[in-house]
Student: 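Got a structure for you, written out below as structure tokens; questions coming shortly.
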Amino acid sequence: MSSKKVAIIGSGNWGSAIARIIGSTTKSNPNIFDSNVSMWVHEEIIDGKKLSEIINTTHENVKYLPGKKLPENIFAVTDVVETCKDADILVFVIPHQFVTRVSNLLKGKIKQDSIAISLIKGLSTSKSDGIKLVSTEIKEILNIDVAVLMGANLAPEVANDNYCEATIGIRKKQENGAMLKKLFHTNNFRINVVEDIEATELCGALKNIVACAAGFSDGLGYGDNTKAAIIRLGMMEIIRFVNQYYPGAHLSTFFESCGLADLVTTCYGGRNRRVCEAYVKFMDTKSLAEIEKEILKGQSAQGPLTAEEVVELLKKSDSQSKYPLFVAVNKICKKELKPQDLINELRNHPEHM
Ligand code: NAD
Ligand code: 13P
């Protein structure tokens, strides 16, 4: 059996951190993987030089993961079709707002028997098709099997090789779980595989909304008890959402790294939290987009957009009242509600009735 070629679609903060892992696991498993890994770079110019060329000469993504070397078997490629043309495993790791466009560029241009794994935390929306799981969007456009990897994985800490866990979600009886585990599992990045793809993916997507609420709470100086309540109520809304839209999830999935653990790490150390904390302080003079740009310098906070998408979906079934936290985050991001009113909305939570 020939070794599998891997392509990474994306090279942001998480894309670059995961490239360090994939560079290492492909090299140490030559019977399973081809160690030459292509990584798609959305080209940009940094101090007069192309980012792709900087990566291929210095082996560092100086913009999105400065100070960390990428393995030399990771090759930056600026054409996404070229990146993926011989690949057997496509690792999607781009901000969710770009997934439809990028997948369409790949349509009909990839190996028919390739598989994908999405590390993207968010939902997919299109004017014609409405809101979907990112994994469903990729599967429908490319007609290939798609798994997901989610977890408590702040990219800078993963890039420091600090011990953590992640969850791979696959469909029931989907093959390839063991091979995908080999691609990501290391001494300090411990993988569990669960046959519960939708719940795994939705935990990853929805926790970004909860992290925004945690950021508002931090900006208002409310302390750790309030944040713990936000995490718990957020968890209950995530479970409720999964049961409403994708019934049949295993309760145990919510206690995997993709669930409770990711909520905790994101609500304490994530970018969504940071941006929303600053929003409370500067919202009178700056827009959320301006604050995101200033603080994240090109990286993306996906919670506000996900909140908007989720509320659109809830409206269709008139379910907003069951999700006060998700709804309040959306309203605060759109300046329809003051951050100070978040707690008032939570007082009427169905969990307290
Ligand atoms: P990021 O937030 O660093 O975003 C920047 C990336 O977006 C860059 O690679 C940039 O080139 C790319 N980009 C900008 N404009 C683009 C365009 N028009 N088309 C395509 N790409 C464009 O990205 P990230 O941190 O790698 O996040 C990717 C996904 O991984 C997200 O869904 C995120 O939620 C998830 N994730 C992130 C982390 C983390 O700690 N950063 C951890 C786990 C999961
Ligand atoms: P942020 O995008 O809020 O930084 O969260 C990163 C993450 O998903 C950690 O698991």
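Keep in mind that the numbers below use all heavy atoms, side chains included, and drop hydrogens, waters and symmetry copies. As the structure lists them, so they are numbered: ligands from 1, and atoms in each ligand from 1.
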Student: Considering only the protein, which heavy-atom contact is closest to atom 1 (P) of ligand 2, and what is its distance?
Tutor: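 Minimum-distance protein heavy atom for atom 1 (P) of ligand 2 reads Arg271 N, 3.4 Å.
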Student: Does either side chain, that of Asn330 or that of Glu308, offer a donor lying less than 3.5 Å from an acceptor on the other one?
Tutor: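 Glu308 and Asn330 do not have a side-chain donor-acceptor pair below 3.5 Å.
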Student: Pull out every atom of ligand 2 sitting under 4.0 Å from any heavy atom of Lys121, numbered as shown with elements.
Tutor: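 Numbered from 1, ligand 2 contributes 7 (C), 8 (O), 9 (C), 10 (O).
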Student: Note the single closest protein heavy atom to atom 13 (N) of ligand 1, along with its residue, its atom name and the distance in Å.
Tutor: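 Result: Phe98 CE1, 3.7 Å.
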Student: Using a strict cut-off of 4.0 Å, indicate which atoms of ligand 1 neighbour a heavy atom of Gly15.
Tutor: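 Contacts of ligand 1 toward Gly15, numbered from 1: 26 (O).
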Student: Applying a heavy-atom cut-off of 4.0 Å, say which part of Asn272 lies close to ligand 2: side chain, backbone, both or neither.
Tutor: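 Answer for Asn272: both.
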Student: Just distances here: any N/O of Lys121 and N/O of ligand 1 closer than 3.5 Å?
Tutor: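 Yes; the residue has a nitrogen or oxygen that sits under 3.5 Å from a nitrogen or oxygen of the ligand.
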Student: Is there a heavy atom of Lys63 sitting under 4.0 angstrom from any atom of ligand 1?
Tutor: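 Lys63 does not count as a contact of ligand 1 under the 4.0 Å cut-off.
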Student: Got an N/O contact under 3.5 Å between Pro95 and ligand 1?
Tutor: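 By distance alone, the answer is no.
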Student: Among all protein heavy atoms, pick the one closest to atom 10 (C) of ligand 1 and tell me residue, atom and distance.
Tutor: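 The answer is Tyr64 OH, 3.6 Å.
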Student: Are there more than 12 heavy atoms of other residues, nucleotides or ligands under 6.0 Å from atom NZ of Lys293?
Tutor: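 12 or below, so no.
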Student: Of Lys5, Lys111, Lys4, which is the lone residue that meets side chain to side chain donor-acceptor pair (under 3.5 Å) with Asp88?
Tutor: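 With Asp88 as partner, side chain to side chain donor-acceptor pair (under 3.5 Å) holds for just one option, Lys111.
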Student: Does any N/O atom on Leu154 come nearer than 3.5 Å to any N/O atom on ligand 1?
Tutor: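 No - when backbone and side-chain N and O of Leu154 are compared with those of ligand 1, no distance drops under 3.5 Å.
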Student: Do Gly151 and ligand 2 have an N or O pair less than 3.5 Å apart?
Tutor: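 Yes.
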Student: Near Ser11, which atoms of ligand 1 are under 4.0 Å from a heavy atom of that residue?
Tutor: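 Atoms satisfying the 4.0 Å criterion: 9 (O).
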Student: Tell me whether the guanidinium CZ or amine NZ of Lys227 lies under 6.0 angstrom from the six-membered ring centre of Tyr222 and within 45° of its axis.
Tutor: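 Not flagged: Lys227 not positioned over aromatic ring of Tyr222.
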Student: How many angstroms lie between atom CG of Leu119 and atom CH2 of Trp14, to the nearest 0.5 angstrom?
Tutor: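 If I round to the nearest 0.5 Å, the distance is 6.5 Å.
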Student: Which part of Val102 is near ligand 1, with near meaning a heavy atom under 4.0 Å away: side chain, backbone, both or neither?
Tutor: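 It is neither part, as no heavy atom is under 4.0 Å.
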Student: Output the list of atoms in ligand 1 that are nearer than 4.0 Å to some heavy atom of Arg101, sorted by atom number.
Tutor: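 Once the distances to Arg101 are compared, the set is 17 (C), 18 (N), 19 (N), 20 (C).
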Student: Determine, for Arg190 against Glu165, whether the closest basic-nitrogen to carboxylate-oxygen distance falls under 4.0 angstrom.
Tutor: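 Here Arg190 does not pair with Glu165 in a salt bridge, since their nearest N and O are not under 4.0 Å apart.
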Student: For atom 11 (O) of ligand 1, which protein heavy atom lies nearest, and how many Å away is it?
Tutor: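 Checking every protein heavy atom, the shortest distance to atom 11 (O) of ligand 1 gives His42 CB, 3.4 Å.
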Student: Given Val134, Leu65, Asn153, identify the one with the heavy atom nearest to atom 42 (C) of ligand 1.
Tutor: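 Comparing heavy atoms across Val134, Leu65, Asn153, the nearest one to atom 42 (C) of ligand 1 lies in Asn153.
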Student: When you check the gap from the basic side-chain N to the acidic O, do Glu82 and Lys85 get nearer than 4.0 Å?
Tutor: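 The answer is yes: the pair qualifies as a salt bridge.
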Student: Please state whether Phe92 comes within less than 4.0 angstrom of ligand 1, counting heavy atoms only.
Tutor: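 It does not, in that no heavy atom of Phe92 comes within the 4.0 Å cut-off of ligand 1.
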Student: Check this for me, if you would: do Asp218 and Arg274 make a salt bridge, where the nitrogen-to-carboxylate-oxygen distance has to be below 4.0 angstrom?
Tutor: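 A salt bridge is absent here (no side-chain N lies under 4.0 Å from a carboxylate O).
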Student: Taking the basic N atoms (NZ, or NE/NH1/NH2) and the acidic carboxylate oxygens, is any pair closer than 4.0 Å for Asp262 and Lys121?
Tutor: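 Salt bridge present between Asp262 and Lys121.
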Student: Return the minimal non-hydrogen interatomic distance between Thr200 and Thr253, and the atom names on each side.
Tutor: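 In terms of heavy atoms, the two residues are closest at OG1-CG2, 3.7 Å.
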Student: How does Leu154 reach ligand 2, by side chain, by backbone, by both or by neither, if only non-hydrogen atoms under 4.0 Å count?
Tutor: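 Within the 4.0 Å criterion, Leu154 contacts ligand 2 through backbone and side-chain atoms alike.
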Student: Can Lys49 and Glu53 be counted as an ion pair, charged N to O under 4.0 angstrom?
Tutor: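 Salt bridge flag = no for Glu53 with Lys49.
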Student: Taking distance alone, with N or O pairs closer than 3.5 Å, would you say Ala155 contacts ligand 1?
Tutor: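 For ligand 1, there is an N or O atom that lies under 3.5 Å from one belonging to Ala155.
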Student: Purely on distance, is any nitrogen or oxygen of Lys207 under 3.5 Å from one on ligand 2?
Tutor: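 N/O-N/O distance below 3.5 Å exists for this pair.
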Student: Which protein non-hydrogen atom lies closest to atom 9 (O) of ligand 1, naming both residue and atom, and how far is it?
Tutor: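 That would be Gly12 N, 3.1 Å.
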Student: Does Glu237 pair with Lys207 as a salt bridge, N-O distance under 4.0 Å?
Tutor: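 Salt bridge flag = no for Lys207 with Glu237.
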Student: Parallel, tilted or perpendicular: which fits the ring planes of Tyr323 and Phe326, with parallel below 30° and perpendicular above 60°?
Tutor: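 Aromatic pair Tyr323/Phe326 classed parallel.
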Student: Can a side-chain donor-acceptor contact be found between Arg347 and Asn344 if the only test is distance below 3.5 angstrom?
Tutor: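 There is such a pair (donor and acceptor under 3.5 Å, judged by atom type) between the side chains of Asn344 and Arg347.
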Student: Tell me the contacting part of Trp14 for ligand 1: side chain, backbone, both, or neither, using a 4.0 Å heavy-atom threshold, strictly below.
Tutor: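 Both of them.
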Student: Side chains of Glu195 and Arg171: closer than 4.5 Å at any heavy-atom pair?
Tutor: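 Result no, sub-4.5 Å side-chain heavy-atom pair not found.
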Student: Test your reading of the structure: does Arg271 have an N or O sitting under 3.5 Å from an N or O of ligand 1?
Tutor: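 Checking ligand 1 against Arg271, an N or O pair does fall under 3.5 Å apart.
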Student: What I want to know is whether Gln299 and ligand 1 share at least one N or O pair that is separated by under 3.5 angstrom.
Tutor: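 There is no such contact.
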Student: If you count the atoms of ligand 1 from 1 in the order shown, which ones are under 4.0 Å from a heavy atom of Gln302?
Tutor: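 Checking each atom against Gln302, I get 31 (C), 32 (O), 33 (C), 34 (O).
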Student: Within the supplied structure, the quantity of interest is the number of heavy atoms (other residues, nucleotides, ligands) at a distance under 6.0 Å from Glu351 CD; does it exceed 12?
Tutor: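 Enclosed.
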Student: Side chain, backbone, both or neither: which applies to Ile94 and ligand 1 if a contact is any heavy-atom pair less than 4.0 Å apart?
Tutor: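 The answer is the backbone.
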Student: Decide if atom NZ of Lys181 counts as having more than 12 heavy atoms of other residues, nucleotides or ligands within a radius under 6.0 Å.
Tutor: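 More than 12 heavy atoms, drawn from other residues, nucleotides or ligands, come within 6.0 Å of this atom.
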Student: Is there a heavy atom of Gly122 sitting under 4.0 angstrom from any atom of ligand 1?
Tutor: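 Flag not set, Gly122 not near ligand 1.
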Student: Show the atoms of ligand 2 that are less than 4.0 angstrom away from any heavy atom in Thr266.
Tutor: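 So the atoms of ligand 2 that pass are 3 (O), 5 (O), 9 (C).
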Student: Taking 4.0 angstrom as the limit and counting only heavy atoms of Asp262, give me the atoms of ligand 2 inside it, by number and element.
Tutor: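 Going through ligand 2 atom by atom, the ones under 4.0 Å from Asp262 are 9 (C), 10 (O).
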Student: Pairs of nitrogen or oxygen atoms closer than 3.5 Å, one from Thr265 and one from ligand 2: do any exist?
Tutor: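 For ligand 2, there is no N or O atom that lies under 3.5 Å from one belonging to Thr265.
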Student: Has Asp47 got more than 12 heavy atoms of other residues, nucleotides or ligands less than 6.0 Å from its CG?
Tutor: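 No - once you tally the heavy atoms of other residues, nucleotides and ligands closer than 6.0 Å, there are 12 at most.
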Student: For ligand 2, which is the ligand I care about here, please tell me if Asn153 has any N or O atom under 3.5 Å from one of the ligand's N or O atoms.
Tutor: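 N/O-N/O distance under 3.5 Å: yes.
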Student: Contact between Met150 and ligand 1, counting heavy atoms under 4.0 Å?
Tutor: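 Contact absent.
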